[in-house]
Amino acid sequence: MSPRRADAGGRIDRLKTIRFTFDGAPYTGHAGDTLASALLAKGVTLFGRSFKYHRPRGLLTAGVEEPNALVTVLKGEVREPNIPATMVEIHDGLVAISQNRFPSLAWDVNAVNQLGGKILSAGFYYKTFMGPVFGPLKGTRFWMFCEHFIRRAAGLGSAGSAKDPARYERMNAFCDVLVVGSGPAGLMAAKAAADQGARVMLADLEPRFGGSANWSDETIDGAPAADWARRTVAQLEGRDNVRLLPRTTVWGYYDNNTLAALERVSDHKEQPAKGEPRHRYWAIRAKSVVLATGAFERPLVFPGNDRPGVMLAHAAERYANEFGVLPGERIALFTNNDSAYRAAVALKKAGAAVVAIADVRPELSPEMRKLAAEAEAEIFAGHAVVATEGGKALSGLKLQRFDMTNGTLTGDARSIHADCLLMSGGWSPTIHLASQAGAKAEWNAARQAFLPPKPTQKWIGAGAFTGSFSTTEALAEGRAAGLAAAGGQSAPAVLPTVEAVPGDPDPAPVFEIRAKGKSFVDFQHDVTAEDVRLAHREGFVSVEHLKRYTTLGMATDQGKSSNVPGLAIMAEALGKPIPEVGTTRFRPPFAPVSIGSLAAERFGDLKPERLTPMHDWHLAHGATMYSAGLWYRPMIYGHAGETVEQAYVREAKATRESAGIVDVSTLGKIAVQGPDAALFLDRVYTNMFSTLAVGKARYGLMLREDGLAFDDGTTWRLGEQDFLMTTTTANAGKVMQHLEYFLDVIWPDLKVHVTSVTDEWAGAAIGGPKARQILASCVIGTAVDNATLPFMGIVRGEISGVPVMICRLSFSGEMAFEVYCGAGHGTHVWEALVEAGKPFGLVTYGLEALGTMRIEKGHVTGAEIDGRTTARDLHLDWMLSKKKPFIGSAMMDREGLIASDRLELVGLISLDNRPLNGGAHIVEEVDEANPHGSIGHITACCYSPALGKHIALALVKGGKARRGTRAHVSDPLRNRFGPVEIVSNHFFDPDGSRMHG
């Protein structure tokens, strides 16, 4: 056995040996060990280096809140940094390395930062690099010089660049009761709810259910608490209405009782089973939630409290009782509450020598003195630790008499030889999820902690989460919470009996011992008590400002252990009680979440891929696809040997000569329904829609509130109270948000319901001189002649047995029709249209041809509606109604928006017969050596097969007045300069005779 592994005890499998490496050195542990417990058992005390000062750091905790022992786990070429060693389950072949050190963990050259002292205090980066003058390094040049070195030093672990081969899954789950946390309170809640017949999900971030029962050394119903927990879990496993989720961190609480969770499915395995994911993301929608998430023990703030070998008392108790590992051979404790005495007894039983217990309280209860005697520890009541000794491991500490009423130290310091110091500064309930659910935490003076807020969603708390720290209370509260969550009636019942060491859960209100030396509050980010006071002196009195100026609580552990001590020190500096200083709100995620799990089955993508119903058909017929917004759409349907330009010219030319068909399923489609739908549209659009007849469509323009153009599209009136709005593909989501905002906030009295139906409809636009003939040959149930289907008219019929809705409107400038059907029938209707068009020379065309024809017609899209243009700039002022107000009407006539020199939409023709480039500037005089004098820029360009010229749309100052004049294109980045003629944006068929037939 190693010197640190106890001869007996723990929940590990001592018969199974696991082999792994840490920083290249081989180690062994046992099944059930974490990386932290296995290394600790081998006598390892140095686990990492701190962020700023690169101080040596050891284990502080035994759980998810660990701020010091962060490692990078390697699997082949894939590396995952910043994982707490306390959360890594060892397995054969595990490879882990330490972080934030060079060249090695033991000898880190950046430890020289510790000599920086006040130079590297809070906010140094705001003050040091912004203006000193060192020779040529003036002003921000000095910052730019330093930036390279700062970036190299930033961060902890290094992210890898290799592609992650692991699988990830996403699951949606629905339950009556979700129980978060599987300690005694959580197990009782799950059992009580399950007994009521409720569908229960029980999630815990640890691999073993039971929580504190696994390490408390208490007895429940006459058996070890861990055995009681195992029996209870076995009963739950046999229930059809219970789902157990070990290794599952519930990390986010959202509206409508929707919670997000991450299940670590195979991280603890050398190789996942066939088809098994690495992580599984759960979106859980629960009728009720029981939060039994326990509490975190807090450290005390004193000089040298970060030295390797200084650990939280409950962590040491857990290592001894759950893993059979001693954190040291000669152990001292420093506390302001009773819970540390239980840890002292547990460590004594495990075989450690407990040499001293320092307690800031001058008077101790007889029960605590009895426990100290049982641990054979010398008691130092009314004393505090004022220093620790040692380098990369603790060798001793110093005690001094302490008056907790005024915080003063008196008398001579006394040295204690110890290789481990356990500290306990009280307990903070783990209220993160409750805070995320939408309310402010409440300070409890007795517990010296923030307790959960009053629920704003349907959750119930139990156990240490509520500030009830005894197991007896946890069992009672858990049962009551489970019954209430399941809708059952609380009735008297015989609860399990508990035998536990006595103790008062209320700590003394002592958070810091002020003495000479660095006293750390946030261990990972090296925030000291003096940093907090510096923030106060420099005027950062808000807790939110304190957090950002000092980075307190902004590390990967999110201040789980440092939050309350930091607030207490700030409160003392302000001369205010802690509740008046307040606390920062907890935000999701509760613990780091893998990006792969969020992407789930779409791993490898940076954004979702949206595919139209006809996507596979396009691929099968030679389409070259590209991403347009979030959608994949055909660019061209190229023939062998064709360039992109040759393909789109052929497609556009064929469409104008005969007919073409394009997939328009991606257009935003929003159902606007209700008694006030027409009135709402009148307010949303610049033109009138309440006068639109049923069975007709109208082109509409929307403005933003500031009077600038927002989006354009058509809206179809399908019934008196039923409209179908279409938007540009890129703006579909923004328009939906725009409509919902005005209905929810500005006009909540309107009886209107808006629904996004973009994915419900497949759409095809068929246009060209022969488009009507093609439709007539395949549509039944309706005529499509001019009388039945006039411009902007709507009819319903069938194509190949599928109901369709057809509207006659045009984006190409040709006579055109948009055909819509249910998304599931999209490919079938598309194929029927293509087959019907073969005798007429119908071609399929992509976005390049579509863009070419729209430029020829001068139609605007997002390139022109860019958030800076007005309706007048785009020559759409004919759509501005004078009969009604609308969104933006109050602001659209501001002086700056009607100025004569505004950028206006024009057409450009290349006079040197060379292609034009989007984004190129327009100038009156060319100066290739010193390009200047821009009067506008190109928004869209193409080769026009209809005109046989290179053309473009552009926004030019006073553009309308410049028609018929010449200018130049100035594009120095692409070395393109040349003459252009400024013309109307309507290049082709300006009177619309082709469109109207």
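Computation of the quantities below employed the complete heavy-atom set of this structure, encompassing side-chain atoms and omitting hydrogens, waters and symmetry-equivalent molecules.
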Counting distance only, does the side-chain N/O of His54 pair as donor-acceptor with the main-chain N or O of Val109 below 3.5 Å? no

Any sub-3.5 Å donor-acceptor pair from Asp522's side-chain atoms to Val527's backbone N or O? no

Salt-bridge present (Glu89, Arg247; N to O < 4.0 Å): yes

Taking 4.0 angstrom as the limit, do Glu530 and Arg537 come out as a salt bridge? yes

Side chains of Thr430 and Phe296, heavy atoms from C-beta outward: is any pair under 4.5 Å? yes

Heavy-atom donor-acceptor pair, Asn336 side chain to Ala508 backbone, under 3.5 Å: yes

So, taking the atom named CG in Leu397 and the one named CG in Leu421, what distance separates them when rounded to the nearest 0.5 Å? 5.5 Å

Does a side-chain heavy-atom distance below 4.5 Å link Asp526 with Arg57? yes

State, with a plain yes or no, whether a side-chain heavy atom of His383 is found less than 4.5 Å away from one of Phe402. no

Looking at Phe520, is Arg55 sitting on its ring face, NZ or CZ under 6.0 Å from the six-membered ring centre and within 45 degrees of the normal? no

Does NZ or CZ of Lys560 lie under 6.0 Å from the centre of the six-membered ring of Phe586, at an angle within 45° of the ring axis? no

I'd like to know if Asp504 and Arg361 make a salt bridge, using a cut-off of under 4.0 Å between side-chain N and carboxylate O. no

For a quick test of reading the model, state the closest non-hydrogen atom pair linking Val64 to Thr86 and the distance between them. N-OG1, 4.5 Å

Could you tell me the separation between the CD atom of Glu66 and the CZ atom of Phe47, rounded to the nearest 0.5 Å? 8.5 Å

Between CZ of Phe334 and CZ of Phe302, what distance do you get to the nearest 0.5 Å? 6.0 Å

Can a cation-pi geometry be assigned to Lys518 and Tyr53, taking NZ or CZ under 6.0 Å from the six-membered ring centre and within 45° of the ring axis? yes

Do any N or O atoms from the side chain of Arg307 and from the backbone of Gly390 form a donor-acceptor pair under 3.5 angstrom? yes

Backbone N or O of Pro589 within a donor-acceptor pair of the Gln436 side chain at under 3.5 Å? no

Which of Tyr319, Trp215, Phe469 passes ring pair (Phe, Tyr, Trp, His ring centres under 6.0 Å) with His314? It is Trp215

What do you reckon, is CG of Leu574 surrounded by more than 12 foreign heavy atoms closer than 6.0 Å? yes

Calculate, to the nearest 0.5 Å, the distance between atoms CG and CG belonging to Leu291 and Leu433 respectively. 6.0 Å

Could you state the interatomic distance from CD (Gln448) to CG (Asp506), rounded to the nearest 0.5 Å? 8.5 Å

Just by distance, do the side chain of Gln99 and the backbone of Arg49 share a donor-acceptor pair under 3.5 Å? no

If we ignore hydrogens and angles and just use 3.5 Å, is the side chain of Arg4 paired with the main-chain N or O of Pro327 as donor and acceptor? yes

So, are Arg318 and Glu297 salt-bridged, with charged N and O less than 4.0 Å apart? no

Let me see the working for His279 and Asp267 under side-chain hydrogen bond (donor to acceptor under 3.5 Å, both in side chains), right down to the final yes or no. CA-CA 8 Å; His279 290 166; Asp267 277 350; 2.7 Å; yes

Non-hydrogen side-chain atoms of Glu580 and Trp443 separated by less than 4.5 Å: no

Rounded to the nearest 0.5 Å, what's the gap from CG on Leu74 to CZ on Arg79? Could you check? 5.5 Å

Are any of the side-chain heavy atoms of Glu206 and Met87 separated by less than 4.5 Å? yes

Any heavy-atom pair between the side chains of Tyr341 and Leu333 that's under 4.5 Å? no

For atom CZ of Arg401, decide whether the heavy atoms of other residues, nucleotides or ligands shown that lie under 6.0 angstrom number more than 12. no

In the structure I gave you, are the side-chain heavy atoms of Met404 and Pro362 within less than 4.5 Å of one another anywhere? yes

Between Ser395 and Glu389, a side-chain donor and acceptor under 3.5 Å: no

Thr550 side chain to Asp531 side chain, donor-acceptor N/O pair below 3.5 angstrom: no

Is any side-chain heavy atom of Val88 closer than 4.5 Å to one of Thr34? no

In this structure, are over 12 heavy atoms from other groups packed under 6.0 Å from Lys398 atom NZ? no

One pair to check against side chain to side chain contact (heavy atoms under 4.5 Å, CB included): Leu567 and Phe450. What are the steps and the verdict? CA-CA 11 Å; Leu567 294 174; Phe450 285 99; 3.8 Å; yes

Against Leu70, only a single residue in Ile83, Thr556, Asp557 fulfils side chain to side chain contact (heavy atoms under 4.5 Å, CB included); can you say which? Thr556

